[in-house]
There are 2 protein chains.
Amino acid sequence: MFALVNTRPAHAPGILGRLTAHHASFISSEFHYRKGTEIYGENEPAEYVYQVVSGAVRSYKLLSDGRRQIGAFHLVGDIFGLENDETHRFTAEAIVDTNVRLTKRVCLERVARVDPAIAHNLLIMTNSNLRHAEDHMLLLGRKTALERVAAFLLEMDRRLTGVDVVALPMCRRDIADYLGLTLETVSRALSKLHAFGALNFLGSNQREIMLVDRDQIARLNA
Amino acid sequence: MFALVNTRPAHAPGILGRLTAHHASFISSEFHYRKGTEIYGENEPAEYVYQVVSGAVRSYKLLSDGRRQIGAFHLVGDIFGLENDETHRFTAEAIVDTNVRLTKRVCLERVARVDPAIAHNLLIMTNSNLRHAEDHMLLLGRKTALERVAAFLLEMDRRLTGVDVVALPMCRRDIADYLGLTLETVSRALSKLHAFGALNFLGSNQREIMLVDRDQIARLNA
DNA sequence: CGACGGGTTGATTGTCCTCAAAGCCTGTGG
DNA sequence: CCACAGGCTTTGAGGACAATCAACCCGTCG
C-alpha cells in the first residue's frame with residue numbers, strides 16, 4: 001500500500017506508510033502506461049486508486065464537441081483516481097511513459113471504515129483536491145492569459161522538484177487545456193515572459209524553463 | 001445540531017438528525033444576516049459551520065484588483081463554511097436577508113473523531129463540493145457565454161424547489177461572477193434565450209424566470 | 001529523405017468586455 | 001401625493017483580448 005498522504009518526493013512515505021504491515025488487504029501492485037494511453041475513463045467504475053511512481057498524468061473532462069478541460073496534472077508522488085464515488089469523474093491519461101502503483105478502492109474503503117486515521121487521510125486528500133479546484137476556478141473565471149500562465153509556472157515550480165529549472169512533462173496543448181486557453185496563446189504568453197526576462201528556455205523542445213525572475217512572475221499572478 | 005448530510009428541503013433531517021440527543025457538544029444556534037452582510041471572510045479562522053435556513057449566500061474569492069469569482073451559491077438547506085481547515089477559503093455574504101444555523105467547527109470535528117458515521121458524512125459533503133467545483137472548472141474553462149448561462153439556469157432549476165418558475169435570489173452581477181462573465185453578457189444571454197422562446201420573465205425585476213423549453217436549454221449546455 | 005509532432009509567430013476574426021445611456025421599480029422625503 | 005435618487009436591468013456602440021487560421025521552423029524517427 002502506498003502512503004495515503006500525498007507527499008513528494010515519492011520516497012518520503014506518508015504517515016501511514018508504516019501501517020502497511022498489519023493491513024493485509026492493502027495489496028498494491030505496480031503498472032506501466034505508455035505515453036498517451038488511457039488509465040481510466042470518465043464514468044467508468046472506479047476500481048482502483050493510483051499513485052504516480054514516475055512520469056505524469058493528466059485528468060480531464062470532455063464536452064460533446066471535443067473541447068477539453070484538464071482538471072489536474074498528477075506528478076511523481078501524487079495520488080489520483082480517488083473519487084469517494086462509484087465512478088471516475090475524469091479521464092486519466094499518461095502524459096509520458098508512466099509507472100503507477102494501484103490499490104483496490106474497495107480495500108481502501110474497507111480499511112478506512114475500521115481505521116479512523118486512514119479515514120481521516122481520505123478526507124485530507126479530498127480536501128486538498130477541493131482546495132486546488134477552488135483556486136483553479138478563480139484562475140479560469142477571472143485571470144488573464146498572462147496571469148494564468150504565470151500561475152501555472154509557479155505551480156509547476158513548486159510541485160516539480162527540479163533544481164532551478166522546471167522540466168515540464170506536458171505539451172503546450174495540455175497546458176492550454178489546463179488553463180482554459182489555446183496552445184497559441186500559451187506559447188505567446190511564454191514568449192512574452194521570455195521577452196520580459198522572467199524566464200529562459202533550455203531544452204531543444206522548449207519544455208525546460210528556467211525561472212529567472214520569480215518575483216516578476218509572482219507579481220503577474222494577480 | 002443540523003443534519004450533516006446536505007438535504008433539501010431544510011425540514012427533512014439528514015440521517016444524523018436523530019443523533020443530536022446523545023452528542024451533547026452539538027449545540028447549534030440560529031443567526032440572522034441582513035442582505036449584503038458578510039458572514040465570514042477569506043482567511044479568517046473557521047470557527048463555525050453553517051446551514052442556510054432561509055435566504056441565500058454567496059461564497060467568493062477576490063483578486064487584488066477586485067475581480068471576483070463566486071465559487072458557489074448556498075441555498076436553503078445547504079451547509080457551507082465546512083473547510084476541514086483552520087481558515088475559510090472564501091468570503092461568505094448573505095445575498096438576501098438570511099437565517100443560518102451554526103455549529104462550532106471544533107465540536108463537529110471532536111464528534112467526528114469518535115463517530116465514524118459523522119466522519120463519513122464530512123467526507124461525503126467535501127466530496128460533493130469537490131464534484132461541483134470540478135464541473136464548474138469545465139464550465140469556466142471551456143463553455144461559451146450562452147452555455148454557461150444555460151447551465152446556470154438548469155442548476156438553479158434543479159436546486160431551487162420552486163414550482164415551474166425559478167426565483168433567483170441573486171442579481172445579474174452575482175450570476176456573472178459565478179459564471180466568469182460580465183453582468184451585461186449574462187443579461188444578453190438571457191435576452192437571447194427569451195428570444196429563442198426558451199424562457200419567460202415573470203417578476204418586475206426579471207429574477208423570476210419560467211423555463212419554457214428545458215430541452216432547448218439543456219441542448220445549449222454542450 | 002520525408003513525414004510527423006511539437007512549437008513559434010503572424011494576420012485576421014470573433015466573442016466577450018467596456019463604456020454609455022436609458023428604462024423600470026422601490027423607497028424616501030418634501 | 002409627487003419628485004427624485006439609487007439599484008438593477010437592458011440595450012447599443014466600440015474596443016480589446018484571446019481564438020482561429022495559416023505559415024514556418026525544428027527535431028525525431030521511420
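These values consider heavy atoms only, across backbone and side chains, with no hydrogens, waters or symmetry-generated copies. Letters go in sequence order (proteins before strands), and every chain restarts at 1.
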Residue-phosphate contact under 4.0 Å: B/Arg172 side-chain N/O, D/dT10 OP1/OP2:
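Yes, within the criterion.
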Phosphate OP1/OP2 of C/dT8 contacted by A/Gln206 side-chain N/O (<4.0 Å):
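For C/dT8, OP1/OP2 do have a side-chain N/O of A/Gln206 under 4.0 Å.
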Working to the nearest 0.5 Å, report the span between CG of B/Asp177 and CZ of B/Arg68.
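Output value for this atom pair is 4.0 Å.
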Between A/Glu47 and A/Tyr40: side-chain donor-acceptor atoms closer than 3.5 Å
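Their side chains do not contain a donor-acceptor pair, so the 3.5 Å distance test is not met.
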Going by atom types alone, do B/His88 and B/Glu44 pair a side-chain donor with an acceptor below 3.5 Å?
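B/His88 vs B/Glu44: no donor-acceptor pair found between side chains.
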Roughly how many Å is it from [atom1] in [X] to [atom2] in [N], rounded to a whole number?
X: B/Asn205; N: C/dG23; atom1: CG; atom2: P; result: 19 Å
X: A/Leu202; N: D/dC26; atom1: CG; atom2: P; result: 19 Å
X: B/Asp177; N: D/dC8; atom1: CG; atom2: P; result: 13 Å
X: B/Leu190; N: D/dT10; atom1: CG; atom2: P; result: 6 Å
X: A/Asp174; N: C/dG7; atom1: CG; atom2: C1'; result: 14 Å
X: B/His194; N: D/dT11; atom1: NE2; atom2: P; result: 8 Å
X: A/Arg207; N: C/dG5; atom1: CZ; atom2: P; result: 13 Å
X: A/Arg173; N: C/dT8; atom1: CZ; atom2: C1'; result: 15 Å

Protein heavy-atom contacts under 4.0 Å, written 5' to 3' over nucleotides 13-23 of chain D as B (base), S (sugar-phosphate only) or - (none), form the string B----SSBBB-
Once the angle between the rings of [X] and [Y] is folded into 0 to 90°, is it parallel (under 30°), tilted (30 to 60°) or perpendicular (over 60°)?
X: B/Phe80; Y: B/His74; value: parallel
X: B/Phe73; Y: B/Phe152; value: perpendicular
X: A/His136; Y: A/His132; value: parallel

